[in-house]
Amino acid sequence: MARILITSAIPYINGVKHLGNLVGSQLPSDVYARYCRARGHEVMFICATDEHGTPAELAAEKAGQPVREYCDEMHKVQADLACGFRLSFDHFGRSSSQRNHGLTQHFAGRLTDKNLIREVVEKQIYSIQDSRFLPDRYIKGTCPECGYENARGDQCENCTRQLDPVDLINPRSAQSGATELEIRETRHLHLRQSALRQELEDWIDSKTDWPILTTSIARKWLRDGDGLQDRGITRDLDWGIPVRRGDTEWPGMEDKVFYVWFDAPIAYIAATAEWADAHGLGDNAWERWWRTDRGAEDVRYVQFMGKDNVPFHTLSFPATIIGSGEPWKLVDFIKSFNFLNYEGGQFSTSLGRGVFMDDALALLPSDTWRWWLMKHVPETSDSEFTWESFRLDVNKDLADVLGNFVSRVTRFCQSRFDGKVPDGGSQGPEEAAATAALATHLRNYETHMEAIEFRRATAELREIWTLGNSYFQSAEPWTVLREDRDRAGAILRFALNLLPLYAALSEPFIPDAAETIGAVTGDGSRARWPENIETSLNSLQPGQSVSVPALLFSKISEQEQEEMQARFSPP
RNA sequence: GGGCCUGUAGCUCAAUUGGUCAGAGCAGAGCGCUCAUAACGCUUUGGUUGGGGGUUCGAGUCCCUCCGGGCCUACCA
């Protein structure tokens, strides 16, 4: 029994996320959280919406809403979708919460006390018509190199040349098209990450078990050029966490807010505090997860994120934590993912390309998406969603291998044994062999889940499902029944005992189906993890009733596939 | 431009870190079964490991080079 703190990278507030976003963090973290709970660990699983920054302000503007109201609505939308996908967060918080305001300002104050903040006067592009400073990539114009007219201020997408917004010919606001732009001086706070470089590098070097994807990105930033650079942690925006030094004013910073990437990771902590607040618990309830001086010294902290998030989680956020000089919990393991592509291209929120979470749930049960996405989770390289692959895997793995097994066993029980677990008969070498094989696969499955290697785990789980069919087929109780009813009953009893086992093992990936399978022979409560396989396979009481569940998974026809494919065809 | 990742059967992925004839699943082929969602089981056909060169007793694995795909490059988040 361990204590495990799990956080998912927090999804940005501006709209419904696509399957690529889902599989890159929230879904795998949920599978892991469910597994850890099933193994009896004490789990705190945290996520939130990331609500600050320029895109949120612009999205609200576009929607014609005050940004606070827009975020309220979008948070609700995302929370409902998380629920639809059965994401089992202990708390789904908000980076805009008062808890996050307080903690972010607290960290800024501590970092100032430690002389890790300095003020810097920067020159930035200001749009007079929009009354706002514009980040480089929100400025467009003609590329001075290749003449491309829609070059972004940070880089020309046509010739890939890196640019400075002042290089652009005829610059304009990408959002409004405003052309009255000027360079203005503005004062900002920088976190002196450079002062913590050695400490961060030593810390990264100590993480020998982290994925290469994670450490190589961190090392690149630590060693590239002049080494780790200081980083601006404030912005000239209206919506965000006001710049304060703890609970005192910060002269000269009255109109500024903290940079979204400064406050977003702190929201992991804040959301845990929100969880405590929501349950009427005191501060110790969340501090025992986050403060090593208040009970968190035995916590294992695992973060999930897409590869684009790695620098902030390996460097900026640890710099904040370490720099505070306070005993906050640092991450123990970072699981990072590559990207999921869609039918030969990229998922794109701005282009609306791909399948989005709301569409997906309207089409098919969440378990089908969860299974396909986790089977193909981009662990080692980018992977690709295609409708054909989705149809084939859902049909074969879920409908044929698992669904049909549940169906054939329960129906056989109903038609030949009156819907009751048979009594009598004895087990033989077939059952011993099946038990031994299951024990081996179960060990492998547990190993892969402990190592957070999901694709291997899904293959192993599928193998465990297949074993049921293989056993039932070779034991052929329908034939044995003609001569030896007791023996046929013993075979069926063994097969029925696989159902609660499957329910428990499958729950992290397909929780709804697992519940249905568990209810066939159980009381509806969650099936227990098989700590001892022999005991587990003898857990059903002879005579207890067995129900025949509704079809566990429907198959997707080729025609349905084509319809969905056409409906979501790339523009 | 620079850094990192990646290329293995028609498809999706393995290969215990240099060590038996490169293995699975799907798709394809054959046989079997009839309890079951025409489901399941068994058997089986597919590979000059992107190309070329090198190191080694031995290379998918290490080195060089060329070709293809991807991510990041610090003011999107």
Side-chain angles (χ1 to χ4, degrees), chain A residues 9-14 50 52-56 58 122 124-125 133-139 152-155 160-162 164-165 174 188 193 211-213 215-221 223-225 228-232 235-236 259-261 264 306-312 315-316 338-339 341 346 349-350 375-376 378-384 386 388-389 392-393 395-416 455-456 458-459 462-463 466 468-479 481 488 491-492 495 548 551-555:
Chain A
I10 62 180
Y12 201 65
I13 193 71
N14 65 342
D50 181 14
H52 300 136
T54 306
L58 294 178
E122 300 174 2
Q124 289 188 7
I125 307 289
F133 283 94
L134 293 173
D136 291 358
R137 70 167 49 202
Y138 281 89
I139 300 160
R152 281 198 326 229
D154 57 339
Q155 185 174 38
T160 73
R161 188 182 172 82
Q162 284 182 62
D164 197 281
H188 281 294
Q193 298 186 138
I212 292 171
L213 181 66
T215 52
S216 64
I217 291 172
R219 290 209 173 87
K220 157 76 168 150
W221 283 55
R223 295 171 184 172
D224 193 42
L228 187 62
Q229 302 293 299
D230 295 345
R231 188 157 189 134
R235 290 291 183 274
D236 290 291
Y259 175 40
V260 53
W261 263 117
K307 58 185 167 184
D308 53 335
N309 274 251
V310 168
F312 303 100
L315 303 168
S316 316
N338 290 279
F339 292 149
N341 291 319
Q346 294 181 336
T349 301
S350 52
K375 182 174 178 176
H376 300 272
E379 275 175 322
T380 53
S381 64
D382 291 355
S383 60
E384 175 160 313
T386 67
E388 187 183 26
S389 169
L392 290 171
D393 283 344
N395 289 356
K396 193 68 189 176
D397 300 344
L398 298 180
D400 293 347
V401 174
L402 177 62
N404 182 56
F405 178 73
V406 174
S407 182
R408 72 194 295 198
V409 169
T410 53
R411 283 175 177 276
F412 186 76
C413 179
Q414 184 182 54
S415 62
R416 309 298 161 88
R455 278 196 302 212
R456 291 168 189 263
T458 56
R462 187 191 189 282
E463 193 63 32
T466 300
N469 281 311
S470 180
Y471 163 78
F472 206 57
Q473 189 74 34
S474 67
E476 49 179 3
W478 49 89
T479 304
L481 184 63
I491 293 167
L492 176 60
V548 175
L551 204 66
L552 207 55
F553 291 102
S554 311
K555 291 210 206 189

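Lettering of chains follows the sequences in order, A, B, ..., and the numbering in each one begins at 1.
- At the heavy-atom level, A/R219 lies nowhere under 4.0 Å from the strands shown.
- Under 4.0 angstrom from either OP1 or OP2 of B/C40 there lies no side-chain N or O belonging to A/Y471.
- For the atom pair A/S316 OG and A/N309 CG, the distance stands at 10.5 Å (nearest 0.5 Å).
- On the C1' atoms, B/C75 is 47 Å away from B/G18, given to the nearest whole Å.
- Spacing of C1' atoms, B/U55 relative to B/C13, comes out at 30 Å, to the nearest Å.
- Note on A/G232: nothing from the nucleic acid sits closer than 4.0 angstrom, heavy atoms only.
- A/R137 meets the salt bridge (charged side-chain N to carboxylate O under 4.0 Å, His left out) test with A/D154; sequence neighbours excluded.
- Using C1' as the reference atom, B/G51 and B/U43 are 37 Å apart when rounded to the nearest Å.
- Heavy atoms of A/R416 sit under 4.0 angstrom from primed sugar atoms or phosphate atoms, though from no base atom.
- For the atom pair CZ of A/F412 and CD1 of A/I491, the computed distance is 8.0 Å after rounding to the nearest 0.5 Å.
- As judged by a 4.0 angstrom heavy-atom cut-off over every strand, A/D50 is placed among residues touching the sugar-phosphate backbone only.
- Take A/S470 and apply the side-chain hydrogen bond (donor to acceptor under 3.5 Å, both in side chains) test, not counting sequence neighbours, and it matches no residue.
- Base orientation at B/U17 is syn, since its O4'-C1' glycosidic dihedral falls within 90° of 0.
- We find the OG1-NZ distance between A/T215 and A/K220 to be 14.5 Å, quoted to the nearest 0.5 Å.
- Residue A/T466 is classed as a sugar-phosphate contact, given heavy-atom separations below 4.0 Å to backbone atoms only.
- Contact check, A/K555 against B/A39: a side-chain N or O comes under 4.0 Å of OP1 or OP2.
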Could you run down the sub-3.5 Å N/O contacts of the protein with nucleotides 9-11 of chain B?
none

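- Between the P atom of B/A39 and the CZ atom of A/F553 lies a distance of 17 Å, rounded to the nearest Å.
- Within 4.0 Å (heavy atoms only), A/I125 reaches no atom of the nucleic acid at all.
- You won't find any donor-acceptor pair under 3.5 Å spanning the side chain of A/E476 and the base of B/C33, going by distance alone.
- In this structure, CG in A/N14 is found 9.5 Å from CG in A/D50, a value given to the nearest 0.5 Å.
- No side-chain donor-acceptor contact under 3.5 Å links A/S407 to the backbone of A/G403.
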Atom pairs, protein N/O to nucleotides 3-8 of chain B N/O, distance under 3.5 Å:
residue: B/C4; atom: O2'; partner: A/S216; partner atom: OG; Å: 3.1

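- Under the 90° criterion around 0 for the glycosidic angle, B/G50 counts as anti.
- Interface remark: the A/N404 side chain does form a donor-acceptor pair with the B/A36 base, using a distance-only criterion of under 3.5 Å.
- Under 3.5 Å, the side chain of A/W261 and the base of B/A77 form at least one donor-acceptor pair of N or O atoms.
- Counting non-hydrogen atoms under 4.0 angstrom, A/E384 reaches nothing in the nucleic acid.
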Short N/O separations, protein against nucleotides 22-32 of chain B, under 3.5 angstrom:
residue: B/G32; atom: N2; partner: A/Q473; partner atom: NE2; Å: 3.1

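- The gap from the C1' atom of B/U56 to that of B/C42 amounts to 43 Å, rounded to the nearest Å.
- Remark: the separation of the P atoms in B/U8 and B/C62 is 15 Å, to the nearest Å.
- Not counting sequence neighbours, the partners of A/N338 by the side-chain hydrogen bond (donor to acceptor under 3.5 Å, both in side chains) test are A/K307.
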Dot-bracket for RNA chain B, 5' to 3', Watson-Crick and G-U pairs with both distances under 3.5 Å, [ ] for crossing pairs, | for partner on another strand, reads (((((((..((((.....[...)))).(((((.......))))).....(((((..]....))))))))))))....

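- Taking every side-chain heavy atom of A/L551 into account, B/U37 is the closest of B/A77, B/U37, B/U34.
- When the C1' atom is compared between B/U45 and B/A24, the two are found 16 Å apart, to the nearest whole Å.
- Remark: A/R231 pairs with no residue by the side-chain hydrogen bond (donor to acceptor under 3.5 Å, both in side chains) rule, at least two apart or across chains.
- Under 4.0 angstrom from either OP1 or OP2 of B/A39 there lies no side-chain N or O belonging to A/R411.
- When heavy atoms are screened at a 4.0 angstrom cut-off, A/R137 is found touching base atoms of the nucleic acid.
- Comparing B/A77, B/C76, B/C40 against the side chain of A/D400 picks out B/C40 as the nearest.
- When each of A/F472 and A/R455 is assigned the nucleotide of RNA chain B with its nearest heavy atom, A/R455 is the one assigned upstream, toward the 5' end.
- Not counting sequence neighbours, the partners of A/E379 by the side-chain hydrogen bond (donor to acceptor under 3.5 Å, both in side chains) test are A/K335.
- Rounded to the nearest 0.5 angstrom, A/H52 NE2 and A/I13 CD1 are separated by 9.5 Å.
- No engagement by A/S415 is indicated, since no non-hydrogen atom pair under 4.0 Å with the nucleic acid exists.
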One pair to check against side chain to side chain contact (heavy atoms under 4.5 Å, CB included): A/N469 and A/R408. What are the steps and the verdict?
CA-CA 9 Å; A/N469 281 311; A/R408 72 194 295 198; 2.8 Å; yes

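- B/A77 sits 25 Å from B/G70 when the P atoms are compared, rounded to a whole Å.
- Residue A/L492 holds its CG atom at 9.5 Å from CG of A/L481, rounded to the nearest 0.5 Å.
- Residue A/D136 is classed as a base contact, given a heavy-atom separation below 4.0 Å to a base.
- Nucleotides B/G23 and B/G46, compared at atom C1', are 13 Å apart to the nearest Å.
- Taking A/F339 as the reference, nothing meets the ring-ring contact (aromatic ring centres under 6.0 Å, His included) condition, with sequence neighbours excluded.
- The aromatic ring of A/W478 sits over the base of B/C35, with ring centres less than 5.5 Å apart and planes tilted by under 30°.
- Residue A/L228 has its side chain nearest to B/A74 when only B/C35, B/A74, B/A36 are considered.
- Residue-level contact check: A/F133 touches neither bases nor backbone, having no heavy atom under 4.0 Å from any strand.
- Residue whose closest nucleotide on RNA chain B sits further toward the 5' end, between A/S554 and A/Q346: A/S554.
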Between A/F472 and A/W478, is the side chain to side chain contact (heavy atoms under 4.5 Å, CB included) condition met? List the steps.
CA-CA 10 Å; A/F472 206 57; A/W478 49 89; 3.8 Å; yes

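- With sequence neighbours excluded, the residues satisfying ring-ring contact (aromatic ring centres under 6.0 Å, His included) with A/H376 are A/W372.
- The phosphate of B/C35 (OP1 or OP2) has no side-chain N or O of A/R408 nearer than 4.0 angstrom.
- By the ring-ring contact (aromatic ring centres under 6.0 Å, His included) test, A/Y12 is found to be paired with no residue, residues two or more places apart in sequence or in another chain being considered.
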